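Quick note: numbers below take in every heavy atom, side chains included, and nothing from hydrogens, waters or symmetry partners. Just so we're clear, the structure is a prediction, and the values are computed from it rather than from any experiment.
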Amino acid sequence: MASKVRLYVDHPLGEGQSVPLSRDQAHYLFGVMRLAEGTRLSLINGRDGEWDAAVAKAGKKGGILQCLQQTAPLQMPPDLWLMFAPIRKERTAFIVEKAVEMGVARVCPVQTDYTQSANRIRQDKLQAHAVEAAEQCGGTFVPPVDDLAKLDSMLADWPADRQLMFCDEVLIGDPVGLPDIDGPWAILIGPEGGFSPAERDQLRGLSFAHPVSLGPRILRADTAAVAALTVWQQALGDWA
C-alpha cells in the first residue's frame with residue numbers, strides 16, 4: 001500500500017540509513033500529519049530514488065527516520081529545460097509545479113524585454129514549489145530552479161547540442177510543428193506582452209531555434225507553458 005506521506009529530504013538514502021529531521025519537517029510530520037513512532041512513510045532526495053522509511057524518533061523540535069527498503073529507482077525526466085518569463089506570483093508557482101509534474105530537467109526563469117514581474121520572484125520559493133510538486137506527483141527527481149537570467153545572455157551562451165522550441169504567438173493558427181530531432185531540448189515561453197520585435201528577430205536568426213504555434217487562439221503564459229510541454233512530450237518526450 002502506498003504511503004500517505006511522501007517527504008523530500010536533503011540527506012543520503014539507503015538501507016538502514018538514519019535521516020534526521022529539521023524542526024519544520026518534524027512539525028509537519030508529527031504536528032500536522034500526526035505520525036507516530038513506527039509509522040511508515042516514503043522519502044525522496046532527488047538522487048537515490050524512493051525509499052520506504054519508518055519514524056524511529058518523534059519530537060516537537062526534531063526526529064529521526066530509518067530507511068527500510070527502496071520502493072522505486074531514480075527516474076530521470078527527459079533532458080528538457082523550460083524557459084519562461086515570470087508573471088504574477090501564484091501563476092509563476094503554477095508554471096513551476098506543472099513543469100515538475102510533466103517532466104523537465106531544469107526550470108529557467110528568464111527576463112525578456114516585456115517581462116513585468118521579474119523583481120517579484122524568489123528562487124528559493126520557486127525551488128520549494130518544485131520540491132512540493134515532486135512529493136505530490138510521485139516523482140523521484142527534483143529539477144533545479146535557476147535564478148532569473150536575461151534571455152539574451154542565455155542565448156549568447158547556448159549549448160551547441162541543444163535545440164530550442166520557441167513558442168511564437170505571431171504564428172497563431174499557422175500549423176508549424178516540431179522537427180523530429182533527438183537529443184537535448186528547451187522550451188521558451190514569452191511574457192504576457194509577448195516577445196519584442198528585436199527578440200523575435202534574434203530567435204528567428206538562430207539555427208537551433210524552432211518557432212512553433214500552440215494553436216488557433218492566444219494563450220495565457222501559464223496555459224502556454226502547459227500546452228507547450230504537452231506538445232513536446234507527445235512529439236519527442238517520454239510519453240510516447
Side-chain angles (χ1 to χ4, degrees), residues 2-3 6-13 42-52 70-86 91-110 121 123-149 151 154-155 157-167 177-190 208-210 212 214 219 221-240:
S3 170
R6 201 163 184 269
L7 183 70
Y8 174 89
V9 294
D10 187 15
H11 196 278
L13 301 177
S42 296
L43 300 180
I44 58 171
N45 65 359
R47 304 182 300 274
D48 300 318
E50 180 184 77
W51 283 78
D52 191 28
Q70 190 182 56
T71 53
L74 177 65
Q75 183 178 12
M76 294 295 294
D79 189 359
L80 175 67
W81 300 352
L82 176 64
M83 301 165 59
F84 69 97
R91 290 169 61 190
T92 294
F94 173 88
I95 291 174
V96 172
E97 291 165 0
K98 298 312 167 188
V100 176
E101 291 177 21
M102 299 182 75
V104 302
R106 180 180 172 190
V107 180
C108 312
V110 293
I121 74 163
Q123 184 274 340
D124 59 335
K125 292 289 187 180
L126 294 182
Q127 189 67 66
H129 284 300
V131 167
E132 292 171 4
E135 290 174 338
Q136 293 171 8
C137 76
T140 56
F141 174 78
V142 180
V145 179
D146 293 351
D147 286 321
L148 184 72
L151 176 60
M154 287 200 69
L155 295 176
D157 194 29
W158 196 257
D161 63 340
R162 187 171 298 274
Q163 304 297 314
L164 176 63
M165 174 177 160
F166 158 42
C167 301
L178 283 172
D180 188 11
I181 301 175
D182 293 329
W185 274 82
I187 293 172
L188 173 61
I189 303 293
F208 55 81
H210 307 278
V212 300
L214 294 179
L219 305 178
D222 47 347
T223 307
V226 175
L229 286 165
T230 303
V231 168
W232 189 90
Q233 282 282 22
Q234 187 65 34
L236 299 171
D238 60 1
W239 292 8

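- A search for side chain to side chain donor-acceptor pair (under 3.5 Å) contacts involving Glu132 returns nothing, not counting sequence neighbours.
- Contacts of Asp124 classified as side chain to side chain donor-acceptor pair (under 3.5 Å), with partners at least two apart in sequence or in another chain: Arg122.
- The main-chain N or O of Pro12 is never found under 3.5 Å from a side-chain atom of Asp48 such that the two would form a donor-acceptor pair.
- Aromatic ring pairs are classed by plane angle as parallel below 30°, tilted from 30° to 60° and perpendicular above 60°; the pair Trp185 and His210 is tilted.
- Shown here are the salt bridge (Lys or Arg N to Asp or Glu O under 4.0 Å) partners of Asp79, two or more places apart in sequence or in another chain: Arg162.
- Residues satisfying the side chain to side chain donor-acceptor pair (under 3.5 Å) criterion with Glu97, sequence neighbours excluded, are His129.
- Remark: Phe84 pairs with no residue by the ring-ring contact (aromatic ring centres under 6.0 Å, His included) rule, at least two apart or across chains.
- Remark: Asp10 engages no residue in a side chain to side chain donor-acceptor pair (under 3.5 Å) (not counting sequence neighbours).
- Residues that satisfy the side-chain contact (heavy atoms from CB on, under 4.5 Å) test with Asp180, not counting sequence neighbours, are Asp182, Leu236.
- Side-chain contact between Leu82 and Ile95 is present, with at least one heavy-atom pair separated by less than 4.5 Å.
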Under 3.5 Å donor-acceptor pairs involving side-chain atoms of residues 221-231, not counting sequence neighbours:
residue : atom : partner : partner atom : Å
Asp222  : OD1  : Arg91   : NH2          : 3.4
Asp222  : OD1  : Arg220  : NE           : 3.3
Asp222  : OD2  : Arg91   : NE           : 3.4
Asp222  : OD2  : Arg220  : NH2          : 2.9
Thr230  : OG1  : Val226  : O            : 2.8

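- Under the rule for a side-chain contact (heavy atoms from CB on, under 4.5 Å), Pro73 has no partner lying at least two apart in sequence or in another chain.
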Under 3.5 Å, which donor-acceptor pairs do the side chains of residues 135-142 form with other protein atoms, sequence neighbours left out?
residue : atom : partner : partner atom : Å
Glu135  : OE2  : Tyr8    : N            : 2.7
Thr140  : OG1  : Gln75   : N            : 2.8

